[in-house]
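Below is one structure, written out as structure tokens, with a few remarks after it.
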Amino acid sequence: MEHSYYKDKLSAYYDSELEVQEMELLRRHLEGCAECRKLLEKLSSLSQKIEELSGLDENEYFDSLAAKIDNRIARTDGKVVELPQKEFHRFGFGWKIGALAASFMLIATVTYYQWQDHESILDEIIEQSAKPAQSAEVLIDSALESKAQSETAIVAGEKAADKAATAPLKEIEKDVPAAVAESKAKTSPKKIVDARELQGMAKFETSSPPIIISDSELEAITNIVKEKQSNGNIAEKIVADFQIVNLPVTRLAAQTEREEVLAPSVQFWRDKRDSLLKVEAEVYKAVSGRKLKSVALSDSDKSGYNSKDSALAFAWYKIGLLTTDSTEKREALEYLERYLKIKRADSALIRTFIESIGK
Amino acid sequence: MLWLAREEIQPKTVDKSSKWPNERKLLQAAQNGSQEAFGILVRNHQKRLFRFVYSILRNFDSAEDIVQESFVKAWQAIKIFRPGHDFYPWLATIARNLAYNWIRREEKKESLDKLRESGFDPESTDLGPFEKLLSDESSKRLYKAVMALPFEYRTVFVLRQFEEMSYDQIASYLKIPPGTVDSRLHRARKLLMESLKDLLE
């Protein structure tokens, strides 16, 4: 029974895609199981064979393919899509990110949708660029509709976040929705939006509305964050650093699961945790200018961290740095050291994490 | 103990460093309108993209069309490409969407049995003109085995082994749960290891 369980996990073990604890369990099982070792060797040999596959030959064929593409590109002139960077960044995270620090539930909502639809935005833009522009009224109508949907989503996000809040979080979260609501009242609904942005947004499905945050909303949030940062105690400071906000959620999720209370909510917590981890990766990428590339921030720009483990490793690093509680510090160090033992990826970086916490 | 003497197999981690050191400059030039720079990007990436699209569709002519179309769309949208990111993943996303559109169209025509069949029979898999792009016999055999995989397994396997994506990335790319990525990959590898037994000994 145990053996067949591990056997099925070998493929993920080979890819370093199991969670830290499972990696360790499997490593131990391998020590005592010749059959699994044999299988792992085969897995490795298969991957090696695939890697050794030379690129495709027939340069003649690819020369002519490239020439065909060159020709078509020469003929597309004048159809190139131009979108001002600053508009595009509304969807990305390069935009005023620091200011949003504590409003994590808002960001969770925004990023979740942004993330789901990053591709479809692009697709739509490309698609639309080939068609004659629709009339401005139609576009504005659908934008207003999208905005209404987005407001519903924000409210839903706030409710979810309220539930997720731990004690120190609660205070901040209470303030933010109020501020958002207040500033919303001030925002004129007839916002002038770039036509191409609208084209991109117009076709959003109802399940994934875009979120538009107005400047006044942003300002309101920024003020709250600033106030909390200057007045708050250490706990509040940690909370304000929303990159680690996922940690209480993770713990809570684990606890809920263990006690088998509120079983239906476990999935909720899991989803919450997952989306927060992704938020963290996304935001950190934007904030740090990808300094943490080696923490397996992915190049393909979607899922951020390679795994939950590396995201958690980073979260523990932040905790270790910020906390004054020696138990927590030790816990952080333990996690990082275990990570270092089991995963080879990012070991240099993890070592620097450990060192700086040690100081 | 004998097994201790052998080199221990470590879990694999993927090296993501970009193969093309000048890519950033090329992208910048292409964004400023240089068709020449874009032409170099085409030449740098076309083989990889072709292999990717072909292994999804298993149809040589459609793969060629889609590769062409992807580059044209990428060129049309090059100005909204976000600097600091790698070009290939973006390109591959465009190609993936086109390929899946193709699949949907084919599905409507109800001639998609080849793509969805669940049988696994590398021996009788015909690579068609794709075979001409492969130089040696063992490559042909490996590709035949990979192409013989059922569609669902093949896409996951290709994304992991050819495209070196993480499970999370594959999951969000294909819009399936990460657990499904794990199980499909596991089954794909199992099929391949069985059929390529002698090569892997």
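Lettering follows sequence order; numbering is per chain, from 1.
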Notebook entry, point to check: Is it the side chain or the backbone of Glu36(B) that comes within 4.5 Å of chain A heavy atoms, both, or neither?
Noted result: neither
Note to self: Using every non-hydrogen atom in the two residues, find where Gln35(B) and Ala74(A) come nearest and quote the distance to one decimal.
What the structure shows: OE1-CA, 3.6 Å
Margin query: Looking at Gln28(B), I want to see if its CD is surrounded by more than 12 non-hydrogen atoms of other residues, nucleotides or ligands under 6.0 Å.
Written below: no
Checklist line | Salt bridge flag under 4.0 Å for residues Asp70(A) and Arg43(B) | finding: yes
Item checked: Verdict with reasoning, Lys68(A) to Val67(B), per side chain to side chain contact (heavy atoms under 4.5 Å, CB included) -> CA-CA 11 Å; Lys68(A) 280 186 211 164; Val67(B) 167; over 6 Å; no
Notebook entry, point to check: Roughly how far, to the nearest 0.5 Å, is the CG atom of Asp182(B) from the CG atom of Asp8(A)?
Noted result: 9.0 Å
Next item on the list: Measure the CG-CG distance between Leu43(A) and Leu185(B) for me, rounded to the nearest 0.5 Å.
Entry: 9.0 Å
Item checked: Phe71(B) CZ to Ile73(A) CD1 distance, which is reported to the nearest 0.5 Å -> 8.0 Å
Next item on the list: May I ask you to check whether Tyr61(A) and Phe60(B) place their ring centres under 6.0 Å from each other?
Entry: yes
Check: Between Phe62(A) and Phe50(B), what is the ring plane arrangement, given parallel below 30°, perpendicular above 60°, and tilted in between?
Finding: perpendicular
Next item on the list: Check side chain to side chain donor-acceptor pair (under 3.5 Å) between Arg187(B) and all other residues, then give those that pass, not counting sequence neighbours.
Entry: none
Next item on the list: Could you pull out the closest heavy-atom pair between Gln46(B) and Ala66(A), with the gap in Å?
Entry: OE1-N, 3.5 Å
Next item on the list: Look up atom NZ in Lys42(A) and atom CG in Leu196(B), then write down how far apart they are to the nearest 0.5 Å.
Entry: 10.0 Å
Check: Do other residues, nucleotides or ligands put more than 12 heavy atoms under 6.0 Å from Lys190(B) NZ?
Finding: no
Next item on the list: For side chain to side chain contact (heavy atoms under 4.5 Å, CB included), just list the numbers for His186(B) and Lys9(A), CA-CA rounded to whole Å, side-chain angles, deciding distance to a tenth of an Å, and then say yes or no.
Entry: CA-CA 8 Å; His186(B) 171 71; Lys9(A) 295 265 173 201; over 6 Å; no
Next item on the list: With sequence neighbours excluded, tell me which residues meet side chain to side chain donor-acceptor pair (under 3.5 Å) with Asn101(B).
Entry: Arg104(B)
Notebook entry, point to check: Checking side chain to side chain contact (heavy atoms under 4.5 Å, CB included) for the pair Ile50(A)/Phe157(B): CA distance, chi angles, key distance, verdict?
Noted result: CA-CA 11 Å; Ile50(A) 297 281; Phe157(B) 183 80; 4.0 Å; yes
Margin query: With chain A as the partner, which of Met193(B), Glu64(B), Lys197(B), Arg189(B) has the greatest number of non-hydrogen pairs under 4.5 Å?
Written below: Arg189(B)
Notebook entry, point to check: Does the pair Leu65(A) and Val42(B) meet the rule for a side chain to side chain contact (heavy atoms under 4.5 Å, CB included), with working shown?
Noted result: CA-CA 9 Å; Leu65(A) 180 58; Val42(B) 170; over 6 Å; no
Notebook entry, point to check: Glu17(A) side chain to Tyr167(B) main-chain N or O, any donor-acceptor pair under 3.5 Å?
Noted result: yes
